[in-house]
Each structure stands twice: as C-alpha cells, then as structure tokens.
Amino acid sequence: MLVAACRILEVDKVTDDSGKALLYPVGGMVAPVNNAGAALKHSDFKTSAREIYDACKDLVGATAGYVALLNDDGDENELLFLDAGGLSCNVNPSLPMPIRGLRAEAYRTGKPVYNNDFANSEWVEFLPEGHGRLDNVLFAPLLVEGKAVGLMGVANKPGGFNADDVRIVSAFAKNAAITLHNSRLLGLLRNSEECFRSVVQTASDAVISINRSGQIIFWNKAAETIFGYSAEEMTGKALSLIMPERFRKFHEEALHRLLSTGEQRIIGQVVEVAGLKKENTEFPIELSLARWETGEGAFFTGIIRDITERKHVEKGLRTSKRLSDALNDISKAINSTLDFDAIMEKVVVESAEAIGAETAAVALRERGGWQVKYLHGFMQELKGIRLSDAQAKGLVSAEKTRNVVVISDAVNDERVNERMVQRYGIRSVLIMPLIVRNETIGVLFFTYHSKQGEFSKSHVDFAIKLAASLSLALKNARLYEAERHIAHALQETLLMLPEKIKGLEYGYLYRSATEAATVGGDFYDIFEIEQGITGIVVGDVSGSGIEAAAFTSVVRNAIRAFSIKLRSPARVLAKTNNFICRTNSPFAFVTIFFGILDTTTGKLLYSSAGHSPAVLKRKSGAVELLDRHNPIVGVFETVRYKSHGHDLGKGDLLIIYTDGITEARHGHDFFGEEGLLEFVEKMGPAKARDVPKRVFAAVMEHTGGRLSDDAAIVAIRVVGKPDEGLMDD
C-alpha cells in the first residue's frame, strides 16, 4: 500500500514559549534507535508500528498516543492502535476520526506540529465526549514520496514537548513509514520471486496494445517471436486470435465490464493464463496489464512472457539442504550446490554407489513421455533418448502408484522395454518416482546387468528417503534465491547516500567478493547531524544475508539516532554498543569507524571500534594511519570508548575502508596496510569521488582480479577553508 521511502527535514525554528502550536520543518536523515529492524521481525505493520511507537514514547517521555493511517478517501484517520496512558477514555474506538484540528495541520503541511497547552487551545473542542484529558500533544506525519499518509501522535509529556522531541518523534515516524514499505516489499519478494522478475525484466517480453474494441494497435518483435505472427498480420486483428477458444468469451465479457463499469481487478496484477501460437498450440504465459487513456479513449497494454521453460524448471526447483542421517554422504553432495543439474548428477552417482547398483539414471516427465537426462554407468548415447509411455511401462507404474517399483527379473517382466533389456543387458531394476508439489516430475532408477540383483527392504527404504530428500532439496533452492534477492534489495537501500553535502567532496564504493555471493556485512553512511556537522560511518558486521542486512540497519540507525544529542563519537559508540548487546544475538558484532567532521573548520573527531585504521593524506603528500583503536561493538556491555582528534586542511584526503581491502591477497601475499599506504602516497591528484575506484583497481591488480572478502571504501575531502586550531579530545 505504501511502497516508498520517507524524507525527514531539519528543525530550524523553535521560538514560541506561549503554548501556540508551531510547524517544524525537519531535515538531515535521522532514525530511531529502538526496534530499527521491526520490518524484518514482524509480518504485519501494526505490530511493527506498535514497537516503534512504544520506543518513541519511552524516549521522549510521553505517556499516551496512537498511530493511524489516512484512509483511501483522505478524510479520516484509520486507527491502528490507541495508548490511553492509563487514563480513562470512554470513546468508542470505532468512531470516525475526521482530519481536522491540529492533526489536519500535520497532514496539510507534511511537517510535525505540537502544542504544550492543548487543554486551553482552540482545538480542544474537537475532542469527542469521554475522551481523556490532553495537556500537550505532538503529531509527526508518516511521509511517503513527500505526502503524509498517516500520523504518529504522542501526548501528555510532563513539562511539555521541545525541539529535540520534535526531531526524535519525526525520526521514529520516518522509521514507521520505512517499516511499512519494507514489510510490503518482503512479502512481495517472498510470495513470488518469479513475478518480481517478470516486472523488472521485460526487455525480451511481448508488448501488445489494444484499443477499446479489442483490436491490436501495437505488436512488438518479441510478440512475433513468442506467438509466430508478424506485426503486419496482427495489427487491426482481435486479441482473441492468440487466446485458446475456451478463454475468448471470458475475455470479451471482462473487456466489456472494464469499459462499462470501470472494474479493474486484473489491472496492475500479474496473472498466469494460456496463449495460442500461430501453429495452434497452447503454451503458458504470464500477463501484466495496464490501462491508459488519450483524447481518443481508453487503451490497454499487456506485457506477456512465455513461461513454458520456467514451468518445466519449476518441476525441479524444490530443493533441500538436508537429508537424513542414513543418507549423510548424499546430503553433503546435495548441500554442496543449489544447481538442480549439479545435484542430480551427483545424486545419480553417489546413490548408485550407496545402493550397490551397477548403473543408474534419471528420466524426466516431458510432454506425455520420458527423457533420460542424467546417467551413471550407462553409455552416453542413452542420454537424451525419449521414451513413450508404451515404451516405459515400469516408469509409468512408478508414476501411477507414487511408490517404489521393484522389478527383480527384468528379462521376463513386460514393464521393462524389451529392446532396452537386450541392448543394455538389464537384469533387475528399482524405480522410484520423484514427486514435487504432488506431481511426478521424473523417476530415478537403479539397474543390475551382470546378474539378477536382489533389492532388500533397506534398499527400498533408502529409495523412499532419497526421494523425499531430493524433493526438499529442490524446494530449498527456491527459498535460497528468494532470500538472496530480498537481502540484495535491503542492502542497496542501506548503501544509499545523499548526492552532496555542503563543504564536502566524497566518493564511495562497495564490492562483494563474487557476483553470486550472499549479501555481506560491509556498509557505510554519510549524514548531516546538523548544518556544518557531518557524521561519517564505515563498518563491517558479522554474518551475511538477511540477518546481516537487518543487523546493519539496526547499527546504522542507532548511530544516527544517538548522534542527535551526542557530539562525541566515543559516547555514540558506547551507547550503540550497550544497545546492541541488549537487543541482538550474542553472536552479532560489528567493527566501526565513526567520525564527526565540522566542515566549516575541518576539525575531525573520531573513534574506531576494532576497525581497520583510516588513512589520512595531507595536501603536502604526507600519509599517516589513524590507528588508535577501541573494542569492537556488540560483545561486552559498558565498554569505554575514546575519541581522537585531527585537523583536516583544505585538500587533505581521508580514506576509510573495511578489511576486505587490506586482506585481499594473491596466494599468501596480502595487499596489507603497507601496500595501501604506498599506493595512496604515490597516487597522483584525484577527486575524492574517484579515489575509491582507484584504490580498488590497485587491489584488483595486486590479486589478479580476485576478491576474497567484501570491501567498502569511502574517501572524504573538505573543500572549504578550514580555520587553524586543534581538536578537543
């Protein structure tokens, strides 16, 4: 519903002490501390929003409040939950909450508002009968694409609200909007990775447009390839020509209903239907439909993908990483790869050896028959051979009974093809069906040739367990791919930086060890704490995948939130460490370089929590390491951290990186800190935005193009005219 990112502005005016409500434009990206990973922990927004609200209320010291979303008509609040703060409130929660009074100001302006004398304000008359007393209130809008779509409200803070409260509640409201966005994104990716792919990868899809009469007005090259008709043949023709007969009446009725009533159930949805090729053969397609209008009326455009091949692959992509203890060796083979072909090639060999068969093969169900795909012990000429059901009665028997079929005497059993028995000398066969989603996609069969084999009960049990394990392995491959896409989407969000910050020039780079690697834990962040004061973060969290992305979000947002009031990197890291230790797994930790830079004076105050030492290159060419360290974050509570200061002059360059740079190696030869210092010292003039690329190129040259660990690099240069002076520790 709310798929967008939220933008928070900066507080720049706090003047009125009379109790009159003021609007505060809030800027600089800030985020709440508590429950920053709520979108990953809960599947519903209401639960996540309640966690965020509770943390916000506790932080600012309010005692009551609520979170609500704007209804579809835009005239009422739809209440998610109400926290009366222990006061008596007899208002029926189902009563409408029209947009009026103080909250109307928040919706209209998209900015936070508060009033410290609400009981005597002009808005108190809007409270319904039975409502609890409100001494003061603060509303912060939930912003999506610059539009207020909901409110977070807090009330009854002893002593009243102030500018810091505005910043904090606005930051929590931003996180609530992001949480709503992420919960929808995760649901979409988990439910249909293939649909997500069909939306974003349409370059090779058919694009067909029709007018309100159902006549084709546009037919692209991909449509020609998929359906077999040229554009000349189809322009002006009815769309029903490429539909199976059984769907044509439904199409005509749906088009009429859409034009006459405006009903748009299929618009914007992705559906699977059947298409009809020129040679009159049906095939499965995936369709997404959009409506557009001009002065000539309504038109419709469909994006169509031929999913024939995908449908065949889906029969096999149900994987599992685990097998039973009795099949430990095969379990290792399956868990060594998530590629279906590689799994089957290993299984056909190792299962044949485990069961003691001389040969083994896998035949897949295809188009009313069978095709041999994977072999062990057979001559390669058998690979790719196709058998009809009449030629493979034993395979059909396993498919129909959905159970293991044992044929001890293949020579005298009509279920085994006579020609195959004679050509390959088959004496005994054990056939087990491979079943995925209640459908047999193929069979795995073991054979004896030199003698008539005896398949014992243990052999049959082995076959049953192996079939079950293979089905789980196929399912797991799909889950792995879905998780990887989600993790990548989350990491891309975490690595987004502002386009520019006044007084600074900067560049940044992130590279994973391999293109197919699971998302790692390296991250960076640059944000304005206030005008002229910038926070700089580079970190490396433990773990990978969704867990690493979630932990990164918690760490990043904690640092941002604590930086609102604290101007000491050491104190910010100490607060962050205590928070992480209390709220995360004991096995989750992170190394961090956090600096606070005054862009008007060039004064840098930093604290390093077990992180690789930053490199400072002076304008004169001198190079030094900022190598003072503190303990890593997330291991022990109440750790003391220290800050250290440096003055950055105009032209000085600060380079911060993760250990993927210095630990990159060629054989046993590491790039190392010495290699980095040598390269930076010899590096000629370069803009800060180009420095990360040049450093990374040097690393790749040293390693021969291989990266053993993920790497992140940030380069910072003050472009103003810093004053002379020393930093305070």
Considering residues, nucleotides and ligands other than Glu418, do more than 12 of their heavy atoms fall under 6.0 Å from its CD?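 Counting other residues, nucleotides and ligands, CD of Glu418 stays at 12 neighbours or fewer.
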Determine whether more than 12 heavy atoms belonging to other residues, nucleotides or ligands lie under 6.0 Å from atom CD of Glu414.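 No, because the 6.0 Å sphere around CD of Glu414 holds 12 heavy atoms or fewer from other groups.
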What distance do [X] atom [atom1] and [Y] atom [atom2] have between them, rounded to the nearest 0.5 Å?
X      : Y      : atom1 : atom2 : answer
Met432 : Leu444 : CE    : CG    : 4.0 Å
Thr440 : Lys400 : OG1   : NZ    : 12.0 Å
Thr447 : Arg427 : OG1   : CZ    : 12.0 Å
Leu364 : Lys373 : CG    : NZ    : 6.0 Å
Leu80  : Glu78  : CG    : CD    : 8.5 Å
Lys393 : Leu387 : NZ    : CG    : 13.0 Å

Checking [X] side chain against [Y] main chain: does a donor-acceptor pair fall under 3.5 Å?
X      : Y      : answer
Glu224 : Ala231 : yes
Thr281 : Lys277 : no
Glu358 : Ser450 : yes
Arg402 : Pro433 : no

Does the side-chain contact (heavy atoms from CB on, under 4.5 Å) test come out yes or no for Val362 and Glu345, once each step is laid out? CA-CA 9 Å; Val362 173; Glu345 288 170 357; over 6 Å; no
For a quick test of reading the model, state the closest non-hydrogen atom pair linking [X] to [Y] and the distance between them.
X      : Y      : answer
Pro244 : Ala274 : CD-O, 3.3 Å
Ala148 : Leu70  : O-CD2, 3.9 Å
Thr301 : Ser209 : OG1-OG, 2.7 Å
Ala176 : Phe45  : O-CE1, 3.2 Å
Val270 : Ser288 : CG2-CB, 4.1 Å
Val144 : Ala177 : CG2-CB, 4.5 Å

Report yes if some heavy atom in the side chain of [X] is under 4.5 Å from a heavy atom in the side chain of [Y]; otherwise report no.
X      : Y      : result
Ile431 : Glu399 : no
Leu375 : Val348 : no
Ile426 : His449 : yes
Arg415 : Val405 : yes
Val429 : Asp413 : no
Arg365 : Asp389 : yes
Ile242 : Ile208 : yes
Met420 : Leu382 : yes

If the test is side chain to side chain contact (heavy atoms under 4.5 Å, CB included), which one of Leu287, Asp205, Asn220 qualifies with Ile304?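 With Ile304 as partner, Leu287, Asp205, Asn220 yield a single side chain to side chain contact (heavy atoms under 4.5 Å, CB included), made by Leu287.
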List the steps and the verdict of side-chain contact (heavy atoms from CB on, under 4.5 Å) for Leu239 and Phe300. CA-CA 11 Å; Leu239 184 65; Phe300 304 91; over 6 Å; no
Please assess Met700 against Arg511 for the test side-chain contact (heavy atoms from CB on, under 4.5 Å), listing each intermediate value before the final yes or no. CA-CA 11 Å; Met700 289 294 96; Arg511 291 290 185 274; over 6 Å; no
Are side-chain N/O atoms of Asp306 and Thr308 paired as donor and acceptor at under 3.5 Å?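 Thr308 and Asp306 do have a side-chain donor-acceptor pair below 3.5 Å.
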I'd like to know if the side chain of Ser428 pairs up with that of Ser408 as donor and acceptor (distance under 3.5 Å, no hydrogens or angles considered).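 There is no such pair between these side chains.
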Before giving the answer on side-chain contact (heavy atoms from CB on, under 4.5 Å), spell out for Phe445 and Leu395 the whole-Å C-alpha distance, their side-chain angles and the decisive distance to 0.1 Å. CA-CA 9 Å; Phe445 57 89; Leu395 308 188; 4.1 Å; yes
Over 60° means perpendicular and under 30° means parallel, so tell me whether Trp219 and Phe227 are parallel, tilted or perpendicular.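 Tilted: the ring planes of Trp219 and Phe227 meet at 30° to 60°.
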Listed partners of Phe247 passing ring-ring contact (aromatic ring centres under 6.0 Å, His included), at least two apart: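 Applying ring-ring contact (aromatic ring centres under 6.0 Å, His included) to Phe247 gives none.
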Quiz item: cation-pi between Arg386 and Trp370, 6.0 Å / 45°: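 The answer is no; the distance or angle limit is not met.
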